[in-house]
Amino acid sequence: MTSKRLPSGGLIDRGTTVRFNFDGRSFTGHPGDTLASALLANGVRLVGRSFKYHRPRGIMTAGPEEPNALVELREGARREPNTKATEIELHDGLVSASQNRWPSLAFDLMSINGFAGPAISAGFYYKTFMWPKSFWEKLYEPLIRRAAGLGRAASQPDPDHYEAMHAHCDVLVVGSGAAGLAAARAAGEAGARVIICERDFVPGGGLLLSPADAAWRGDMVNALEAMPNVEILTRTNVFGYYDHNLLGAVERVSDHKAEPDQHEVRQRYRTFRAKQVVLATGASERLIAFPGNDRPGAMMAGAALTYLRRFGVVPGRNAVVFTNNDSAYETALALAEAGSGKVTLVDVRSQSALAAAMTARGIDVRLASEVAYFDGKTALVRRRGGAGGDKFVADLLCPSGGWNPNVQLASQSGAKPRWEATLASHVPGESVQAERSAGATKGIFGIGAAAYDGARAGREAAAAAGFAKAQDFALPERGPAEQPIAPFWEVKASGKSFVDLQHDVTAEDIRLAHREGFSHVEHAKRYTTHGMATDQGKLGSLVGSAILAEARGEPVEAVGVPTHRPYTMPVAFGALAGHASGAHFQPVRRTALNDWHLRNGAVMQPTGAWLRPFFYPKPGETGWEPIFREARAVRSSVGICDVSTLGKIDVQGPDAAAFLDRLYINTFSTLAVGKCRYGVMLREDGIVFDDGTTSRLAEDHFLVTTTTGNAAPVLEHMEFHAQTVWPELDVQFCSVTDQWAQVAVAGPKSRETLAAAVDGLDLSNEVFPFMGVGEGKIAGVPVRLFRISFSGELAYEIAVPSGHAETVWEAILAAGKPFGIVPYGLEAMSLMRVEKGHAAGPELNGQTTAADLGMGRMMKKSGDVIGRVLAGRPGLADPGRPRLVGIRPVDTNKRLRGGAHIVREPGSGTSMGWVSSVTQSIEHACWIGLAMVENGEALKNQRVFAVSPLHDESVEVTITSPHHVDPENLRVRA
Amino acid sequence: MHLIPCPYCGERPQDEFHYRGDATVKRPAPDAGEQAFYDYVYTRANPRGWHDEWWQHYAGCRQWIRVRRNTLTHAVAASAGPADALPEATP
């Protein structure tokens, strides 16, 4: 145990002790700790195994850039894999476990991969597991999964709730360090509505590491909390910057509790539409590549400072700090102050004005030097590029390769990162959206300087949003300028020098990618998987680019870094889904008769957004029995069906008929008032779009019906053409789908049934023939009647104002009782429509023409019709195209399958078409089907085969008319 | 996520709209022939930069509107009803 808690200091509540569990062992910590700081305080050094080589790893950082300390958090249904110990707020009863080790963390059999190192190089998976093909599924994939799997997701459904919240503000400030707090205060005092988002559970950012600025931080936070126009959101990470100043975030509402309180959500997905944005997301320290930079005990210099100052934890006894810039000097000083052992400062620069002050504190300063090797116990320090060197006992090695401004959000907003030589890094480029960066995000370091810059940014943002009241608050002193950084990326020495610790990518892998032709930074990233892990390359992305640049013989800025895309940090699917899961996945549409269906035992089926009765089983009925019973009742007597989901569009105006003539391939202007007609509409490319019956209620008043699924697209299609193509037509229309319930009454006894129920309309065949439309009353309710049939029987549809649907439905049931009327569902309806040979969804599949469906002759001879011209193209007019036909098995015991191919001979390999719809028939006592078959017309009565290789089936079938029932259409006219 | 200025309802989020496509193509006269209709349905310029597009405010006023949008930056410069003209040039 080399790390331990200091006797005092830090922003932890030492008066309270909380218990937690890691890998089955019980530990204690304090409120204010992260899991990482508490583990370090307990001397835990080893927290995980690496992805590829299973190398032992320790805590490397103190934030979202953590590559090593990934743990499974919580247990059972709440188990969450790959969470970062550095981001987990410690609480009483926290349970966590290390990942990617087998059988145990200390003894891992897979670490043998480390000895096979050179074999598992960049592109290894691409190269090795290619051949032989059959090995992939059986051997390679299970092996890789066993070896490489990170954490395990919970196998039970998530018991917690998530929600979404959307907000608007004048100024959104991302980050609450010195720059963010000053920006929020300036904008807030100017009068703007401000929201400030902080990823951490305490606002302050870098201020939390500076005891001298603690008072200013406290004053700022208190002042902001007191302002009614300012909202501070902690535990809220902004993960993406989208178009028109929309930003997305996740608020971790109750991740810091064992489980959420009653009615509390676990996480809240948030979006912000901001007039102006201030990005104050700080900077991330970058790695230096040197052999052993991944060993337990390696910890970024800034992270070590965080553990010392914020958590009162000294992360090691004897430390070597390895830097190319001034920032790590503070780490060395803080380590020396902690006084637990020897501190050595290795600076690659040959001069440092701060060296004397370090030496005075007992720090061994080695200038113009580098760390050539670290194994967790000793570090080899040598002159830059030299041989030999001095060995130091060191259980802590703190590299600092400089700081990368966190330009991710600015970059996502469209501001291209710009290379800044004085930082050897990128800063945000020129703004594209209404945003500005401030403080370290912009490359302005030091608390005082960042605060000044933040105040400026907040003032500017408020002014741009229209708020300019004077502001007055104090800012911290600006410190002295730092010495220039010496860009430094890699120590060239033998051993594994990592650039991506989470994916085990080494400097040598980057060079290999270049040698093998993957020299573009985006290609190298994908070939090596550098920067593709959950830390998104925050530590080493630029280091990899610099090594690639050297291999290419170009400057780093010419190579650049891969494009920054959302998300800046991993986001749980649960948060993105919010409430839209399970039964709440999408809104459900219910017909006016839904309650009746439920009370009467219907099995309900979702079809699109609608819930429809599938069938109404009686006790003891199984399989197809209820469907056969319902269909037989219709064919032999009478049945009733809820067809309310049909799209209904009311069309009115002097030009209504002319408008419909252009929408449909057939003519509606010649339709008599009180009649309806079946119509087909095409897309402009000549393919069938939709079909349905349209009734003429008055000279200038039509009622169009559409298929259930196309109700909305047909309305949009009509609106587009009425508003933009033919604005001269005087026509208005409106969806009335929900206003009218619709009921089909079908079967030879339907007329007698309705005669007993309907007042005010003579239903005799002479007065109300097939395709007649009329009005009457049922149970005192005014209704519209249409004599149309989907089943192929004598049938009517009755439209009733939705609120009265059940009254009318019950009245018809009562009238049909002497005939044994039964309600029938979607399945019986489908059975009968296949028997009758009506085209439906499987035939109107976006590939078929009217001629393909046997309706080519419906096209009128003249006039403007959508789709007419392109339907005439040779390819679409080709008579050899697949045509709608019927099929029946030669051996009536064989079943048919939808999706089967039609072939001349089994095994012939050439498909002549496909089976679109199948059903068991009640009229033919065998399976029947509809199919689209090339030259189908000419093949009538011939035998072909329906093959389904998926089921290893081949069934000899006879091609028939699609009308398996009543091809002369006598029943509907009876 | 875009903010689209509906000329009838004001600025509204993109999820209230459906996109259709190029608003510079005009449906040919019924007798213009196959090539004219082919171009109307299929031939598109796919510009990099400003583009006039049809959008429908389907979850609002249900009007089809023309929107001048930059396909590169996603900036929206102007919108107009189907009978109204978009400005001649966009800065």
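Values below: all heavy atoms of this structure, side chains included; hydrogens, waters and symmetry mates excluded. Labels below follow one simple rule: chain letters A, B, ... track the order of the sequence lines, proteins then strands, and each chain is numbered from 1. Keep in mind it's a predicted model, so treat the numbers as computed, not measured.
The number of heavy atoms from other shown groups lying within 6.0 Å of OH (Tyr38(B)) does not exceed 12. Counting heavy atoms of neighbouring residues, nucleotides and ligands inside a 6.0 Å radius, atom CG of Asn46(B) does not exceed 12 of them. Gln586(A) CD: more than 12 foreign heavy atoms inside a 6.0 Å radius. For Lys416(A), the NZ atom counts as loosely surrounded, since its 6.0 Å shell holds 12 or fewer non-hydrogen atoms of other residues, nucleotides or ligands. Within a 6.0 Å sphere centred on CD of Glu88(B), other residues, nucleotides and ligands contribute 12 heavy atoms or fewer. With a 6.0 Å radius and a threshold of 12 heavy atoms from other residues, nucleotides or ligands, His584(A) has its NE2 atom at or below the threshold.
Using a 4.5 Å cut-off between heavy atoms, Gln63(B) touches chain A through backbone and side chain atoms alike. Proximity to chain A involves both the backbone and the side chain of Phe37(B), based on heavy atoms less than 4.5 angstrom apart. When heavy atoms are compared at a cutoff of 4.5 Å, Ala83(B) does not approach chain A at all. Contacts of Ile866(A) with chain B are made by both backbone and side-chain atoms, with heavy-atom separations under 4.5 Å.
Side-chain contact between Arg873(A) and Glu34(B) is present, with at least one heavy-atom pair separated by less than 4.5 Å. Side-chain atoms of Asp685(A) and Tyr42(B), non-hydrogen and from C-beta on, do get closer than 4.5 Å to each other. In this structure the side chain of Lys26(B) never reaches within 4.5 angstrom of the side chain of Val725(A), judged on heavy atoms. Taking 4.5 Å as the limit, some side-chain heavy atom of Glu684(A) sits within range of a side-chain heavy atom of Tyr40(B).
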Step-by-step side chain to side chain contact (heavy atoms under 4.5 Å, CB included) determination, Asp864(A) to Arg27(B): CA-CA 11 Å; Asp864(A) 189 3; Arg27(B) 190 171 185 271; 3.0 Å; yes
Stepwise side chain to side chain contact (heavy atoms under 4.5 Å, CB included) check, Phe720(A) with Arg20(B): CA-CA 9 Å; Phe720(A) 179 78; Arg20(B) 181 179 173 99; 3.3 Å; yes
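Expressed to the nearest 0.5 Å, how far CH2 of Trp64(B) lies from CD of Glu716(A) amounts to 5.5 Å. With rounding to the nearest 0.5 angstrom, the CD atom of Glu11(B) is 9.0 Å from the NE2 atom of His244(A).
When all heavy atoms are compared, the tightest approach of Arg273(A) to Pro13(B) is NH2-CB, 4.2 Å. Pro82(B) approaches Thr724(A) most closely through the heavy-atom pair CB-CG2, 3.9 Å.
One N or O on the side chain of Gln723(A) and one on the backbone of Arg62(B) form a donor-acceptor pair closer than 3.5 Å. Formation of a donor-acceptor pair under 3.5 Å by the His74(B) side chain with backbone atoms of Asp243(A) is not found in this model.
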